[in-house]
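For the numbers below, each heavy atom of this structure counts, side chains included, while hydrogens, waters and symmetry mates do not.
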Amino acid sequence: MSASAVEYLGPPPAQRNTKHARIAADLRTHPEVWGVIRRPASLDSAASAARAIREARLPAYSPAGTFEAVARTVTEGNRTEYRVYARYVGAPDSSA
């Protein structure tokens, strides 16, 4: 008798527990507080990640405008790193 190469567990959960879902949930518990959520290898990568968060390209950060994010180059001593800072600001103001 051979073992199956497939593991049958039933349908996938409705909510995916992705890295981004966990980050967004954590930021929501600390509204208006900036947090470093990523330290990529380049400033371009940091800027791209920040833009994806601001524009809610990933469902975890929707709707667009709910999160603010920026990329920064930080030098401490002889060490330089690139950081993505993000914070939850709530629903965008629709009265404007």
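When all heavy atoms are compared, the tightest approach of Pro31 to Thr29 is CD-C, 3.4 Å. Across every non-hydrogen atom of Tyr8 and Ser4, the tightest pair is CE1-OG, 4.1 Å. The shortest heavy-atom contact between Pro63 and Ala56 is C-CB, 4.0 Å. Considering all non-hydrogen atoms of both residues, Ala60 and Ala24 come closest at O-CB, 3.3 Å.
Side chain to side chain, Tyr85 and Arg87 fail the donor-acceptor criterion of an N or O pair below 3.5 Å.
One hydrophobic cluster holds both Leu58 and Phe67 under the rule that ILVMFWY side chains link at heavy-atom gaps under 4.5 Å. Val70 and Leu27 fall into different hydrophobic clusters, where Ile, Leu, Val, Met, Phe, Trp and Tyr side chains are chained together by heavy-atom contacts under 4.5 Å. Residues Val74 and Val36 fall within the same hydrophobic cluster, defined by Ile, Leu, Val, Met, Phe, Trp and Tyr side chains chained together at heavy-atom separations under 4.5 Å.
Between Pro40 and Val84, some side-chain heavy-atom pair lies under the 4.5 Å cut-off. In this structure the side chain of Arg38 never reaches within 4.5 angstrom of the side chain of Tyr82, judged on heavy atoms.
Using modelled atom types, no side-chain atom of Ser62 and backbone atom of Ala64 make a donor-acceptor pair closer than 3.5 Å. Looking only at distances, no side-chain donor or acceptor of Ser45 sits under 3.5 Å from a matching main-chain atom of Ser42.
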Show your working on salt bridge (charged side-chain N to carboxylate O under 4.0 Å, His left out) between Glu76 and Arg83 and close with a plain yes or no. CA-CA 13 Å; Glu76 295 173 343; Arg83 298 178 184 171; 3.5 Å; yes
Carefully, step by step, assess Ile53 and Ile37 under the rule side chain to side chain contact (heavy atoms under 4.5 Å, CB included). CA-CA 11 Å; Ile53 291 168; Ile37 62 160; 3.2 Å; yes
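From Arg57, atom CZ reaches atom OG of Ser48 across 6.0 Å, with rounding to the nearest 0.5 Å.
Centroid-to-centroid, the aromatic rings of His20 and Tyr61 come within less than 6.0 Å.
By the side chain to side chain donor-acceptor pair (under 3.5 Å) test, Arg28 is found to be paired with no residue, residues two or more places apart in sequence or in another chain being considered.
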